[in-house]
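What follows is a short report on a single structure.
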Amino acid sequence: MAAPPIVPAFAASPVKDRDYAAAEFQALLTSWLASMGKRVINPAGPSPLAGTYGPSLSWIPQASAAGLNVCTSRMATPDVIRCSPPEQPIGSKDEATGRYLLVAGRRILGPLASRVGPQCLELADRLGLMLASFHFVESGRGWALAHVNCMPSLTQEEEVDAAVRLAGEEPDGRTIHDSRLRAAR
């Protein structure tokens, strides 16, 4: 869920009232999802509920601490890595050029897994994410992280399998019975 559904009772209300109702409903949904703990794959936040992981300024320090080069601007950090990543829509990834990596629980998949996999796994842990894709661009210092997506498109068979297995794990790491995993698939 990238955003809360529109509250039908406010559909004919003035814009100001609809916006207020939407904000309150999002707060209620966020609180409800947070109350479920680890049963929710990625934690809900104030904006958005899922999808892109906030503005880059929110994850850049954590990415740097995890040992990743980051694609930044002079506003974000004095240590500039010059690159200009395209803005990715929610649910997309730059798979044609092999510039992404998927983390699904403790599984690391994608063309860059051998190069930056452990660092992305550490970043996912730091951000509290169990499922995310990390998009990179080439820079003067190798690969630089340009985008974090909490709602990856899962276009490869192995990615779908990893996400299904993640959804089939209990919060303590035990796997739910395999027949339930086959049904989820």
Side-chain angles (χ1 to χ4, degrees), residues 1-3 30 33-34 37-167 169 171 173:
M1 182 183 312
T30 301
L33 288 170
K38 294 193 179 247
R39 289 176 287 187
V40 176
I41 287 182
N42 283 338
S47 177
L49 289 174
T52 302
Y53 189 86
S56 59
L57 290 177
S58 66
W59 54 259
I60 284 175
Q62 298 297 332
S64 293
L68 290 166
N69 291 327
V70 291
C71 188
T72 62
S73 69
R74 200 167 292 282
M75 281 177 46
T77 176
D79 187 23
V80 178
I81 296 174
R82 300 198 187 290
C83 53
S84 54
E87 187 57 36
Q88 300 282 340
I90 287 177
S92 72
K93 67 180 159 201
D94 190 5
E95 68 179 271
T97 56
R99 299 175 183 214
Y100 73 95
L101 179 142
L102 180 81
V103 169
R106 306 310 297 166
R107 297 166 190 87
I108 305 168
L109 305 167
L112 295 178
S114 63
R115 292 186 183 180
V116 291
Q119 296 92 332
C120 287
L121 186 58
E122 181 181 339
L123 176 57
D125 287 342
R126 288 172 173 272
L127 298 175
L129 300 173
M130 296 172 66
L131 179 66
S133 60
F134 300 88
H135 306 262
F136 291 82
V137 294
E138 289 186 75
S139 74
R141 291 194 259 168
W143 294 97
L145 181 61
H147 183 75
V148 178
N149 188 339
C150 303
M151 209 164 86
S153 59
L154 307 175
T155 57
Q156 304 296 320
E157 186 74 23
E158 66 181 344
E159 296 170 351
V160 173
D161 288 339
V164 168
R165 292 207 173 277
L166 176 62
E169 291 174 355

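None of these values were measured; they are calculated from a predicted model. Quick note: residue numbers are just sequence positions, from 1.
Considering all non-hydrogen atoms of both residues, A163 and L154 come closest at CB-CD1, 3.6 Å. For the pair R99 and V137, the tightest heavy-atom approach, listed with the atom from each and the gap, is NH1-CA, 4.2 Å. Taking every heavy atom of both residues into account, F134 and A124 meet most closely at CZ-CB, 4.1 Å. Of all heavy-atom pairs between L131 and A104, the closest is CD1-CB, 3.9 Å.
In this structure, CZ in R107 is found 9.5 Å from CG in D161, a value given to the nearest 0.5 Å. Rounding to the nearest 0.5 Å gives a distance of 12.0 Å between CD1 of I41 and SG of C150.
Using cut-offs of 30° and 60° on the angle between ring planes, the pair Y100 and H135 is tilted.
By the 4.5 Å heavy-atom criterion applied to side chains, D125 and R106 are counted as neighbours. L129 has its side chain out of reach of V103: every pair of non-hydrogen atoms, C-beta onward, lies at least 4.5 Å apart.
Annotation: salt bridge (charged side-chain N to carboxylate O under 4.0 Å, His left out) contacts involving residues 127-136, sequence neighbours excluded, are absent.
Checking L68, V70, N69 one by one against F136, the side chain to side chain contact (heavy atoms under 4.5 Å, CB included) holds for a single residue, L68.
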Would you list the atom pairs, donor with acceptor, under 3.5 Å between side chains in residues 108-123 and any protein atom, with sequence neighbours excluded?
from, atom 1, to, atom 2, distance (Å)
E122, OE2, R126, NE, 3.0
E122, OE2, R126, NH2, 3.1

